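Here the structure comes first, spelled out in structure tokens, and everything after it is commentary.
For clarity, every value in this text was computed on a predicted model and none was experimentally measured. Any value given below was found using the heavy atoms of this structure, including those in side chains, with hydrogens, waters and symmetry copies removed. Residue numbers start from 1 in every chain, and the chains themselves are labelled A, B, ... in the order their sequence lines are given, proteins ahead of strands.
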Amino acid sequence: MTKQHANWSPYDNNGGSVVAIAGADYCVVAADTRMSTGYSILTRGYSKISKLADKAYMASSGFQADVKALQKHLSAKHSIYQHQHNKQMSCPAMAQLLSNTLYFKRFFPYYAFNVLGGLDTEGKGCVFTYDAVGSYERVGYSAQGSGSTLIMPFLDNQLKSPSPLLLPAVDAVTPLSEGEAIDLVKTVFASATERDIYTGDRLEITVLNANGTRTEFMELRKD
Amino acid sequence: MNSMEPNQAKLSLLYSPEASQSQRTLNPNVTGTSVVALKYKDGVLMAADMGGSYGSTLRYKSIERMKPIGKHSLIGASGEISDFQEVLRYLDELTLQDSMCDDGNSLGPKEIHNYLSCVMYNRRNKFNPLWNSFVLAGVKKKPGVDKSETYLGLVNMIGVNFEDDHVATGFGNHLARPILRDEWREDLSFEEGVRLLEKCMRVLLYRDRSAVNKLQIANITEKGVTISQPYSLKTFWGFSAFQNPTAGAQGS
């Protein structure tokens with residue numbers, strides 16, 4: 001008797017794009033708010049950005065139920081950390097935790113494509129980019145999700161990222177001002193919305209800097 | 001070596017796909033079709049027909065696919081009916097434990113939705129899903145605030161969940177949501193809400209082969225849940241193209 005194949009998949013792709021850009025003293029984390037399945041839109045107002053700690057915000061695209069479970073898991077771990085250390089987790093610490101959490105399910109992965117953005121212990125912007133099983137690195141900017149192939153090359157061109165192979169190591173954070181970075185994010189999402197069917201509806205931008213955190217929205221095409 | 005083999009053969013049978021097939025996901029048997037719901041001024045309206053299909057046969061025509069949960073919530077189910085009945089047992093247990101706490105608080109729709117999402121996701125993780133899509137609606141006063149909050153959410157068999165001003169399962173997602181996106185607005189009156197829902201259900205009746213013309217509309221407000229008596233929608237089939245459809249065809 002041949003092995004029966006499941007006529008059902010435990011995964012679904014709910015789409016969407018996420019972007020993060022690190023600056024000298026700020027970090028911008030952005031995501032669209034569309035949630036889709038197949039060729040249908042489930043809802044136009046779903047937030048993909050989650051606050052993991054005061055200085056660590058995660059934006060995730062992919063399979064929404066896994067993303068939610070991942071956010072819950074990290075939130076719980078953060079609570080325990082705060083009880084044990086009497087302080088919030090730093091962004092680099094959260095970055096490692098996220099990587100470990102993803103790899104823990106290496107053989108039944110969280111179908112989540114994440115970017116982690118925030119401020120490091122020195123107050124400089126930091127962005128970490130991940131794949132679904134926890135492989136990560138610190139970068140100056142990143143895009144993940146269904147529109148990432150459209151967004152990333154444009155960011156590469158505009159932010160002129162220095163080669164990571166250079167010695168002495170060159171800082172990856174962008175010299176752009178906060179306002180310029182936000183404008184870039186808006187441009188990039190407007191473009192991705194034109195060609196990626198899973199990106200659109202509304203853009204949510206979270207900005208972290210020394211004064212705290214703020215969120216702004218921008219309407220995107222709804223088709 | 002030879003003495004080891006029978007034991008190893010037994011072991012391999014225990015872990016083989018044949019042994020675990022009955023615990024794994026299968027195909028649904030008796031299924032309900034779309035559920036459609038929308039928020040209106042005083043609460044939430046939800047509609048579902050009373051059909052239970054056995055494959056392509058419209059076998060059962062009096063299945064109530066919407067049920068009140070606790071004091072503040074209403075659940076509507078599409079998909080496998082037996083799984084829906086099992087979920088109702090889970091929710092019974094949950095609401096019973098909650099009332100036994102006797103602390104003056106009762107689970108609201110957001111909490112029930114969260115519980116259901118966890119249940120669905122957990123079953124999905126074990127590769128043994130509850131073959132349903134649930135719509136969870138409710139109205140509850142926020143503690144300390146005089147105004148009551150309306151809630152409407154959806155959770156499907158792999159755990160994907162969200163809330164919105166209007167939701168629909170199955171075919172409703174394709175046929176009813178576009179109508180709702182065009183015609184829904186904040187602060188609909190009860191009559192406007194019912195008319196909008198009926199418009200959606202009529203389209204589903206025309207175009208979804210598993211729909212039956214016997215439906216209920218449920219209303220949940222801060223006063224509680226009322227589910228209407230079953231009734232039928234008026235349909236129109238008097239198109240000239242339907243008159244004498246084989247006229248002019250070869251052999252007619």
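Counting non-hydrogen atoms of other residues, nucleotides and ligands closer than 6.0 Å to CZ of Phe104(A) gives a total of 12 or fewer. Few gaps surround NZ on Lys51(A); more than 12 heavy atoms of other groups in view lie less than 6.0 Å from it. Atom NZ of Lys140(B) has more than 12 neighbouring heavy atoms from other residues, nucleotides or ligands inside a 6.0 Å radius. Sparse packing is recorded around NZ of Lys41(B), with 12 or fewer heavy atoms of other residues, nucleotides or ligands lying under 6.0 Å away. Within a 6.0 Å sphere centred on NE2 of His85(A), other residues, nucleotides and ligands contribute more than 12 heavy atoms. When the shell of 6.0 Å around CD of Glu219(A) is examined, it contains more than 12 heavy atoms from other residues, nucleotides or ligands. At most 12 heavy atoms of other shown residues, nucleotides or ligands fall within 6.0 angstrom of atom CG in Asn86(A). Remark: Lys105(A) NZ is packed, more than 12 non-hydrogen atoms of other residues, nucleotides or ligands lying under 6.0 Å away.
Looking at Asp66(A) and Tyr121(B), their side chains do bring a donor and an acceptor atom within 3.5 Å of each other.
The shortest side-chain heavy-atom distance between Asn14(A) and Val160(B) falls under the 4.5 Å cut-off. Counting heavy atoms from C-beta on, the side chains of Arg124(B) and Tyr11(A) come closer than 4.5 Å. Counting heavy atoms from C-beta on, the side chains of Arg181(B) and Ile41(A) come closer than 4.5 Å. Looking only at side-chain heavy atoms (C-beta outward), Thr43(A) and Glu163(B) stay at 4.5 Å or farther from each other. Looking only at side-chain heavy atoms (C-beta outward), Phe108(A) and Asn125(B) come within less than 4.5 Å of each other. The side-chain heavy atoms of His174(B) and Tyr39(A), taken from C-beta on, include no pair separated by under 4.5 Å.
Looking at Met120(B), neither its backbone nor its side chain comes within 4.5 Å of chain A, counting heavy atoms on both sides.
For the atom pair CZ of Phe63(A) and CD1 of Ile158(B), the computed distance is 4.0 Å after rounding to the nearest 0.5 Å. Interatomic distance, Ser9(A) OG to Phe127(B) CZ, rounded to the nearest 0.5 Å: 7.5 Å. Rounded to the nearest 0.5 angstrom, Asn114(B) CG and Lys72(A) NZ are separated by 4.0 Å.
Listed options Asn161(B), Asp164(B), Asn173(B), Val167(B) were ranked by heavy-atom pairs under 4.5 angstrom with chain A; first place goes to Asn161(B).
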